[in-house]
Novice: 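Input: one structure, supplied below.
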Amino acid sequence: MDPSEYDLAFFHREGFHRRDCAGCGRAFWTLGDHDRCQEAPCREYGFIGHPIFGRSYGLREMREAYLRFFETRGHTRLRRYPTVARWRNDVFFTQASIYDFQPWVTSGAIPPPANPLTISQPSLRFIDLEEVGRSGRHFTLFEMMAHHAFNRPDHEVYFKDRCTELCHELLVGELQLDPRAITYKEEEWEGGGNLGPSLSVGASGVELATLVFMEYIRDGDRLKAMPLTVVDTGYGLERFTWASQGTKTAYEAVFGSAYDELRRTFPPREAAILLDHARALNFMLTDGVVPSNSKEGYFARLLVRRALRLLAKAPEAPELVALLDRSARELAHDFPELGMHREDLHRVVVAEIERFGEAVERARQTIHRYDERMRSTGGKVTPDDLLQWYDSLGVPPDLAVEELSDPPAIPDDFYRQVAARHECEAPTSDYVEATEGLPDIPGSVPPTEVLYYLDPYTVAFDAHVVWAGGPFVVLDRTYFYPTGGGQVTDRGHLGDLEVVEVDRRGPWVLHRLERPAPFHVGDRVHGRIDPARRTQLMQHHTATHLLNGALREVLGPHVWQTGAYKGPEAARIDVTHYRPLSKEELHKVERRVNEIVREDRRVKSYFEARGEAERRFGFTLYQGGAVPGRELRIVEIEGFDVEACGGTHCTHTSEVGAIGILEVDRIQDGVVRLTFVSGERALDVREEHEEILREAARRLGVPVPKLPDGIDRLLGEVEETRRVARERRKEDLGAIAARLEATEGAGEKAGDVTLFVGEFELDRNGLMELSRLLTRSANRVAILAGETEGRGTLFIGSTASGVPARSVAEAARPAFDGKGGGNPSAATVVGEPGAPLAAALEAARKAARGLALATG
RNA sequence: GGGCACGUAGAUCAGCGGAAGAUCGCUGCUUUCGCAAAGCAGAGGUCGGGGGUUCAAAUCCCCCCGUGUCCA
């Protein structure tokens with residue numbers, strides 16, 4: 001990065017000078033006389049015991065001081081965003097404040113909710129999980145305080161100079177940090193294809209803040225200027241609080257008395273881990289993470305299990321639920337939503353604790369059995385076994401060792417080996433731009449006025465063509481709903497041409513026609529939307545909201561929508577839940593939604609300022625994913641459910657008609673999928689189902705209510721028939737065996753051995769069963785011929801130790817070009833089609849006889 | 001989203017290329033006034049589903065489905 005990027009007027013105005021750090025070699029700006037930048041490792045921690053700010057702040061005071069500082073300097077204060085980044089599909093969690101605005105605001109697609117703005121964003125990072133408690137400064141959940149500005153060519157808010165000035169003013173003016181203690185270190189920042197200069201703000205050994213200026217797009221080796229430049233800052237709330245108190249570790253400063261209390265039972269590291277995990281879990285669970293074995297749920301499970309293992313070490317330790325509760329009560333002062341659904345949260349956690357117990361018990365049994373087997377066979381349990389158990393059973397090696405009578409040593413690099421096992425996995429991204437395959441529209445084309453938001457009932461309209469290319473047409477206004485928000489596209493006609501797909505691209509709605517459009521810019525066209533399809537989609541969409549509301553009511557507020565699809569045939573909704581739905585819960589949900597339908601509640605759709613909507617309804621608005629626009633479209637089912645949603649909806653619940661849930665699946669640990677129908681489709685499906693029932697009943701010859709009995713009867717009969725057939729076969733074979741044994745001379749004597757030789761109309765299995773009957777006593781050999789799928793088959797069974805069946809088979813094999821083998825007691829040979837079976841039988845007889853006489 | 005492990009009798013599991021097993025539970029009989037217990041006998045399996053390899057597959061290979069677990 002060019003040094004001139006950092007040559008800020010602010011630095012010169014204030015008398016900063018630029019130096020190269022004697023430690024890391026990087027350039028930095030300072031008012032002091034340091035020869036090194038003031039960050040670890042170039043500078044040791046100097047603030048422990050010597051707080052660097054004017055006074056000591058608590059977490060809350062520090063947050064408030066920060067936000068107010070920027071508020072009084074023209075920034076709008078924003079409430080926190082959820083810690084689960086549902087609006088993105090490239091990450092699970094909000095890891096920094098800028099995540100709140102990616103990708104739509106930072107790409108310029110949507111205006112920022114405020115500009116400039118300030119926020120303290122709870123963020124989750126699991127990269128340094130092992131460092132939590134150990135380093136004295138790491139957390140899985142931390143608050144990133146920030147001020148952001150988004151600059152367009154036509155609207156410059158502020159950039160490097162003013163940003164740095166604000167930061168300096170905060171540190172020196174507001175917090176009374178010695179201005180000479182600060183260093184602004186030059187660092188290049190790059191991420192997501194963008195880059196720009198950044199300043200790392202250090203003092204007394206601690207990195208207090210990072211000021212990032214997103215300015216360029218990497219285009220091969222060249223840099224292109226971004227149309228929208230972004231001020232992205234990050235100030236660690238915990239770090240600021242710590243530095244203001246100068247305690248030994250950040251945990252004392254952040255957790256306060258809760259830390260002191262836990263320290264009576266646990267060593268410092270464990271106390272810090274427990275409090276950190278409790279805090280992170282409260283945010284995660286409140287924001288709708290349900291512990292599970294995949295995706296974001298796994299991280300909740302990880303924290304729960306780590307905490308449980310620590311708690312299990314001390315008999316006088318609090319219960320996990322109590323620990324979480326205590327943490328939630330404190331957090332609720334600043335984040336009221338964290339205290340709101342404690343009982344539901346308890347149920348989620350208790351269910352998770354139970355599952356952990358089951359997993360441990362299962363693992364214990366498996367390991368115990370394995371240990372017994374090793375003990376009896378003289379085998380040894382290896383370190384590889386420990387690895388395997390950790391990976392597949394979830395037993396940490398120290399726990400596994402406790403179960404073993406002769407445990408192996410746990411390798412020092414155990415977790416490295418675990419990591420190595422997972423090394424070859426390439427991270428895959430299914431991030432597909434919704435605009436893929438769509439044409440580029442010139443920026444000069446006026447945006448489409450979307451009318452379906454205002455009136456979902458109008459299905460015929462006139463509009464003007466503003467752009468046309470291939471089969472795509474953009475109109476100045478449209479009632480066609482484009483695929484989005486889980487609702488599939490409208491269909492219909494523009495003029496005489498069929499509209500097969502409608503998509504949204506930026507500010508335009510693209511109508512895709514059945515063939516290249518004969519339209520020209522300026523043409524007036526008549527649009528007609530397929531009304532039946534639209535109605536059905538509206539019914540399914542409103543029904544989805546109704547179900548979501550009912551699920552939250554019946555199962556609890558931990559239920560969040562994780563996905564949805566509304567098609568013309570059926571719709572489905574995926575929600576988080578920690579166990580399969582019971583039949584009763586399902587019935588309750590179905591009854592409840594149909595009740596709301598009958599009550600004919602109003603469904604209001606309107607736009608509202610984001611902050612106002614959040615204040616009124618909370619984050620549960622973002623069921624379909626949070627869109628960080630300035631204005632939200634709110635769909636409110638009066639007194640029942642409120643969501644931010646861009647879909648077309650009925651205006652009264654009665655229009656939805658009946659709702660029928662067709663299927664319930666657990667599509668993933670922690671996620672339940674309901675497939676359902678409403679409106680006309682519900683009636684159709686019900687008719688179909690009734691017809692199926694009637695037909696099934698007719699075929700069984702029972703009335704519909706007796707169907708289950710009828711099926712039981714039928715199954716009983718099938719089983720009986722099978723039993724009888726099996727019995728019959730057994731009898732038949734028994735009769736053959738008995739006849740052979742009784743017939744004089746049928747059993748050929750060879751020394752002590754009795755040989756039974758014969759050809760039967762039996763296949764391999766039949767021969768095998770017959771052989772079994774003939775060789776129930778010792779010193780018998782059965783050499784039986786039959787046919788399997790057109791091939792001559794020989795089966796040899798033996799209870800004579802001197803006459804191994806396998807040897808007999810081998811002797812017979814060449815006689816009819818056969819293949820086969822077996823063991824001493826049983827063997828099979830199958831010949832080529834048409835090969836002389838009789839010769840093979842004779843060869844086998846001779847061989848068996850020879851062997852018998854040789855030993856006799 | 002990926003890796004690994006697992007899916008066999010009502011339950012818990014063994015078997016891991018050659019003729020489906022153990023323990024508990026169940027049924028009957030013996031014993032007992034009865035119960036428990038013991039002894040004896042018996043019933044109960046498309047070895048998750050579908051393909052393939054093989055003379056032969058619960059067992060090996062592939063694809064699904066389900067469960068668990070680790071990791072992102």
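Residue numbers begin at 1 in each chain, while the letters A, B, ... track the order of the sequences.
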Novice: Say you pick atom P in B:rC70 and the same atom in B:rA11; how far apart are they, in whole Å?
Specialist: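 Roughly 26 Å separates the two P atoms.
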Novice: Exactly one of A:Arg673, A:Gln561, A:Gln668 should register a side-chain hydrogen bond (donor to acceptor under 3.5 Å, both in side chains) with A:Asp574. Which one does?
Specialist: A:Arg673
Novice: How many whole angstroms separate atom OH of A:Tyr415 from atom C1' of B:rC70?
Specialist: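 That distance rounds to 11 Å.
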Novice: Rounding to an integer number of Å, can you tell me how far A:Arg764 CZ sits from B:rA19 C1'?
Specialist: 12 Å
Novice: If we ignore angles and hydrogens, is there a donor and acceptor under 3.5 Å between the side chains of A:Ser777 and A:Arg780?
Specialist: yes
Novice: Quote, to the nearest angstrom, the C1' distance that separates B:rG51 from B:rC65.
Specialist: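 It works out to 14 Å between them.
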Novice: What distance, rounded to whole Å, do you find between the two C1' atoms, one in B:rA38 and one in B:rG10?
Specialist: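 Comparing C1' positions in B:rA38 and B:rG10 gives a spacing of 24 Å.
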Novice: Under 4.0 Å from OP1 or OP2 of B:rG68: is there any side-chain N or O of A:Arg666 that close?
Specialist: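 Result: yes.
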Novice: Suppose you measure atom C1' in B:rA20 against the same atom in B:rA56; what distance do you get, rounded to whole Å?
Specialist: 15 Å
Novice: Rounded to the nearest Å, what distance is computed from the CG atom of residue A:Leu393 to the P atom of nucleotide B:rG3?
Specialist: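 My rounded result for the distance is 19 Å.
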Novice: Just checking A:Leu767: base, sugar-phosphate only, or nothing, at a heavy-atom cut-off of under 4.0 Å?
Specialist: nothing
Novice: How is A:Arg776 classified with respect to the nucleic acid when contacts are heavy atoms under 4.0 Å: base, sugar-phosphate, or nothing?
Specialist: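 Nothing, no nucleic acid heavy atom in range.
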Novice: Classify A:Gln388 by what it touches in the nucleic acid, base, sugar-phosphate, or nothing, heavy-atom distance under 4.0 Å.
Specialist: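 Sugar-phosphate: the residue A:Gln388, judged by heavy atoms under 4.0 Å, touches backbone atoms but no base.
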Novice: Closer to the 5' end of RNA chain B via nearest nucleotide, is it A:Arg791 or A:Arg355?
Specialist: A:Arg791
Novice: With P as the reference atom in both, quote the distance from B:rC24 to B:rA19 in angstrom, rounded to an integer.
Specialist: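 So the two P atoms sit 26 Å from each other.
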Novice: Between B:rU53 and B:rC63, how many Å separate the two C1' atoms, rounded to a whole number?
Specialist: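 Per the computed distance, 15 Å lies between those C1' atoms.
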Novice: What is the minimum heavy-atom distance between A:Ala280 and A:Leu303, and which atoms define it?
Specialist: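 Looking at all heavy atoms of both residues, the shortest contact is CB-CD1, 3.7 Å.
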Novice: Base, sugar-phosphate, or nothing for A:Phe92, non-hydrogen atoms under 4.0 angstrom?
Specialist: base
Novice: Could you give the CD1-to-P distance, from A:Ile367 to B:rA5, as a whole number of Å?
Specialist: 16 Å
Novice: Return the orientation label for the A:Tyr415 and A:Tyr390 ring planes: parallel under 30°, perpendicular over 60°, tilted otherwise.
Specialist: perpendicular
Novice: What is the distance, rounded to the nearest whole Å, between atom OH of A:Tyr370 and atom P of B:rC13?
Specialist: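 Nearest whole value for this atom pair: 17 Å.
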Novice: Are side-chain N/O atoms of A:Asp669 and A:Ser294 paired as donor and acceptor at under 3.5 Å?
Specialist: no
Novice: Starting at CG of A:Asn765 and ending at P of B:rG18, how long is that distance when rounded to a whole Å?
Specialist: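 Going from A:Asn765 (CG) to B:rG18 (P), I get 16 Å.
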Novice: When the nearest nucleotide of RNA chain B is assigned to A:Ser771 and to A:Asp391 on a heavy-atom basis, which residue is associated with the more 5' position?
Specialist: A:Ser771
Novice: Looking at every strand, decide which applies to A:Thr775 at a 4.0 Å heavy-atom threshold: base, sugar-phosphate, or nothing.
Specialist: base
Novice: Classify A:Gly831 by what it touches in the nucleic acid, base, sugar-phosphate, or nothing, heavy-atom distance under 4.0 Å.
Specialist: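 It contacts nothing in the nucleic acid.
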Novice: Counting any heavy atom closer than 4.0 Å, what does A:Ser294 reach on the DNA or RNA strands: base, sugar-phosphate only, or nothing?
Specialist: base
Novice: Hey, is the side chain of A:Gln365 poking within less than 4.0 Å of OP1 or OP2 on B:rC13, counting only N and O atoms?
Specialist: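 Answer yes for this pair, as a side-chain N or O of A:Gln365 is under 4.0 Å from OP1 or OP2.
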Novice: Taking the inter-plane angle between the rings of A:Phe101 and A:Tyr81 on a 0 to 90° scale, is it parallel (under 30°), tilted (30 to 60°) or perpendicular (over 60°)?
Specialist: perpendicular
Novice: Expressed in whole Å, how much space separates the P atoms belonging to B:rC61 and B:rA5?
Specialist: 10 Å
Novice: Would one find a side-chain N or O of A:Arg369 under 4.0 angstrom from OP1 or OP2 of B:rC13?
Specialist: yes
Novice: Return the value, rounded to whole Å, for the distance between atom CZ of A:Arg780 and atom C1' of B:rA19.
Specialist: 17 Å
Novice: For A:Glu761, look at atom CD and say whether over 12 heavy atoms of other residues, nucleotides or ligands are found less than 6.0 Å away.
Specialist: no
Novice: Can you label the angle between the A:Tyr370 ring and the A:Trp389 ring as parallel, tilted or perpendicular, going by 30° and 60°?
Specialist: perpendicular
Novice: Under 4.0 Å between a side-chain N/O of A:Arg373 and OP1 or OP2 of B:rC13, yes or no?
Specialist: no
Novice: Counting only side-chain N and O atoms of A:Arg301, is one of them less than 4.0 Å from OP1 or OP2 of B:rU69?
Specialist: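 So the side chain of A:Arg301 is within the cut-off, an N or O lying under 4.0 Å from OP1 or OP2 of B:rU69.
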Novice: Determine the Euclidean distance between corresponding P atoms of B:rA43 and B:rG21; express it in Å to zero decimal places.
Specialist: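 It works out to 12 Å between them.
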Novice: With respect to the phosphate group of B:rA56, does any side-chain polar atom (N or O) of A:Arg806 fall under 4.0 Å of OP1 or OP2?
Specialist: no
Novice: Just to be sure I understand the rule, does A:Gly820 reach a base, reach only the sugar-phosphate, or reach nothing, if contact means heavy atoms closer than 4.0 Å?
Specialist: base
Novice: Rounded off to whole Å, could you give me the CZ-to-P distance for the A:Arg579 and B:rG66 pair?
Specialist: 21 Å
Novice: Side chains of A:Ser405 and A:Asp371 only: does a donor on one sit below 3.5 Å from an acceptor on the other?
Specialist: yes
Novice: Looking at every strand, decide which applies to A:Asn823 at a 4.0 Å heavy-atom threshold: base, sugar-phosphate, or nothing.
Specialist: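 Answer is sugar-phosphate: A:Asn823 comes under 4.0 Å of backbone atoms only.
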Novice: Side-chain N or O of A:Arg305 less than 4.0 angstrom from OP1 or OP2 on B:rU69?
Specialist: yes
Novice: If we ignore angles and hydrogens, is there a donor and acceptor under 3.5 Å between the side chains of A:Ser825 and A:Asn823?
Specialist: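 The criterion, which ignores hydrogens and geometry beyond distance, is satisfied for A:Asn823 and A:Ser825.
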Novice: Give RNA chain B the dot-bracket treatment, 5' to 3': Watson-Crick (N1-N3 with N6-O4 or O6-N4) or G-U (N1-O2, O6-N3) under 3.5 Å, [ ] crossing, | other strand.
Specialist: ((((((((.[[[[.)..(..]]]].(((((.......))))).....[[[[[..)....]]]]]))))))).
